[in-house]
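Computed over heavy atoms, backbone and side chain alike; hydrogens, waters and symmetry mates excluded. By convention in this document, chain letters (A, B, ...) are assigned in the order of the sequence lines, proteins followed by strands, and residues within each chain are numbered from 1.
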2 protein chains.
Amino acid sequence: MMNELADLNAKLVKIFNDVRWVEERDLSKSSFADLSLRDMHTIEAISLDENQTVSQVAHTMCLSPGSMTKIIDKLVAHLYVTRMPSKTDRRITHLGLTEKGHAIFLEHLNFHQRMVQALTSDMNDHEIDAMLQGIANVQKFLNRK
Amino acid sequence: MMNELADLNAKLVKIFNDVRWVEERDLSKSSFADLSLRDMHTIEAISLDENQTVSQVAHTMCLSPGSMTKIIDKLVAHLYVTRMPSKTDRRITHLGLTEKGHAIFLEHLNFHQRMVQALTSDMNDHEIDAMLQGIANVQKFLNRK
DNA sequence: TCGAATATTTTCATGTTCGAAATAATTTTG
DNA sequence: CAAAATTATTTCGAACATGAAAATATTCGA
């Protein structure tokens, strides 16, 4: 039993690394090769909710506002993201995705969906629920820390 | 059903990020604050099998040998790792962990074990097997790419 | 022995990250 | 209402990470 858990841990570590690696390689071979994984995840964070500010997105990604400005500069220059000055508070700029930004986001989402599809393809509803419960337990464990 | 999978995807994305973030923060607050997550994973990779070469560890971590040399330089300077020149081939240096290296590795392993414990605590053997099958399916999906 | 192959390190150029300071706009307070 | 404090963002500087290619040292095979 102890061995089974150690085995599960090893498999999780491997799949963590592999997911990152495949995502990075896929991006660099795609028609969006000018994006790093960090850029991609920033686009993901912006898509979560249009009209977010730079600070909000920085906070979501656990980055400093200064770092986020740099990333946004690049994403704007490469036409994935638009800066929209707030009309009520001129300190604030809202962020949004361009059409190109939406396109790459959807492509990335599709990759994720196929991964989840692979994960659950052999599971019945009960087994999926059991896994969701497990994930919730890990999240609780992380939140306590 | 489609919605359930989208929800699962969102939870996985979040837990991926949170695991990395907690690991990083834990390290920076520990008595091993001079280690980055990358350093920690290098120690992990070295511990997998003592007497590995620089190239082998670089390959395991999908890094160039040049980058690995830099990381090893730091880990040796901070007394986590030892370079052991091969006696039969003087081009080769084998890598090993010092006592300090073992200590931090065990601490990190303990964190992983508690995470896996949280993941499986509410699961029976059948449900764990179902999840293992799912992980294997994702791994197959990644390997095809 | 000489040339090819191998293992590691060095060098160089690029990119990422944070923190602190600067800039700009808004809100609060006396 | 004006000064002070707060808020949002950007700029700048330094430290670090990374990969590619060159340099160094060694081994191996014809």
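For the side-chain hydrogen bond (donor to acceptor under 3.5 Å, both in side chains) test, no residue two or more places apart in sequence or in another chain qualifies with A:Ser28. By the salt bridge (Lys or Arg N to Asp or Glu O under 4.0 Å) test, B:Lys145 is found to be paired with A:Asp26, residues two or more places apart in sequence or in another chain being considered. Applying the salt bridge (Lys or Arg N to Asp or Glu O under 4.0 Å) rule to A:Arg91 yields the partners A:Asp89; only residues at least two apart in sequence or on another chain are considered. Qualifying ring-ring contact (aromatic ring centres under 6.0 Å, His included) partners for A:His94, counting only residues two or more places apart in sequence or in other chains: none. The salt bridge (Lys or Arg N to Asp or Glu O under 4.0 Å) check on A:Arg114 picks up nothing, with sequence neighbours excluded.
Using a 4.5 Å heavy-atom cutoff, the side chains of B:Gln52 and B:Asp49 are in contact. For the pair B:Ser30/B:Glu107, a side-chain contact is recorded, criterion being any heavy-atom separation below 4.5 Å from C-beta on. Looking at heavy atoms from C-beta onward, A:Trp21 lies out of side-chain contact with B:Leu142 at the 4.5 angstrom threshold.
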Tabulate atom names and distances for all N/O pairs under 3.5 angstrom spanning the protein and nucleotides 11-16 of chain D.
none

Show me the protein contacts with nucleotides 26-30 of chain D, counting only N or O atoms at under 3.5 Å.
residue : atom : partner : partner atom : Å
D:dT26  : O2   : B:Arg91 : NH1          : 3.4
D:dT27  : OP1  : B:Arg90 : N            : 3.2

Distances under 3.5 Å between protein N/O atoms and the N/O atoms of nucleotides 22-24 of chain D, please, pair by pair.
none

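Across the interface with DNA chain D, nearest-nucleotide mapping of B:Ser64 and A:Met68 shows A:Met68 to be the residue nearer the 5′ end.
Inspection of the A:Asn137 and A:Gln133 side chains reveals an N or O donor paired with an N or O acceptor under 3.5 Å. For the residue pair A:Asp18 / B:Gln139, a side-chain donor-acceptor distance below 3.5 Å is found, with atom types taken as modelled.
The two residues B:Met84 and B:Gly96 have their closest heavy-atom pair at CE-N, 3.8 Å.
A straight line from CD1 of A:Ile92 to P of D:dT6 spans 18 Å, rounded to a whole angstrom.
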Going through the checks in order, is the side chain to side chain donor-acceptor pair (under 3.5 Å) test met by B:Gln113 and B:His108?
CA-CA 9 Å; B:Gln113 284 171 339; B:His108 189 71; over 6 Å; no

Determine, stepwise, if the pair A:Ser55 / A:Thr53 fulfils side chain to side chain donor-acceptor pair (under 3.5 Å).
CA-CA 5 Å; A:Ser55 301; A:Thr53 67; 4.6 Å; no

How far apart are the C-alpha atoms of B:His112 and B:Glu23, what are their side-chain angles, what is the distance that settles it, and do they pass the side chain to side chain donor-acceptor pair (under 3.5 Å) test?
CA-CA 10 Å; B:His112 274 246; B:Glu23 282 190 340; 3.0 Å; yes

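Near DNA chain C, defined here as any heavy-atom distance below 4.0 Å, there are no residues from residues 27-42 of chain B. For the segment residues 49-61 of chain B, residues with any heavy atom less than 4.0 angstrom from an atom of DNA chain C are, sorted by number, B:Thr53, B:Val54, B:Ser55.
B:Val13 and A:Leu132 end up in different hydrophobic clusters when Ile, Leu, Val, Met, Phe, Trp and Tyr side chains are linked at under 4.5 Å.
In the helix from C:dT1-D:dA30 to C:dG30-D:dC1, the terminal helix axes, each the rotation mapping four pairs' C1' atoms onto the next four within five end pairs, subtend 10°, rounded to 10°.
With rounding to the nearest 0.5 angstrom, the CD atom of B:Glu24 is 9.0 Å from the SG atom of A:Cys62.
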Kindly list each side-chain donor-acceptor pair under 3.5 angstrom involving residues 66-78 of chain B, sequence neighbours excluded, with atom names and distances?
residue : atom : partner : partner atom : Å
B:Ser67 : OG   : B:Ser64 : OG           : 3.0
B:Thr69 : OG1  : B:Pro65 : O            : 3.2
B:Asp73 : OD1  : B:Arg83 : NH1          : 3.2
B:Asp73 : OD1  : B:Arg83 : NH2          : 2.8
B:Lys74 : NZ   : B:Asp34 : O            : 3.2
B:Lys74 : NZ   : B:Asp39 : OD2          : 2.5
B:His78 : ND1  : B:Lys74 : O            : 3.0

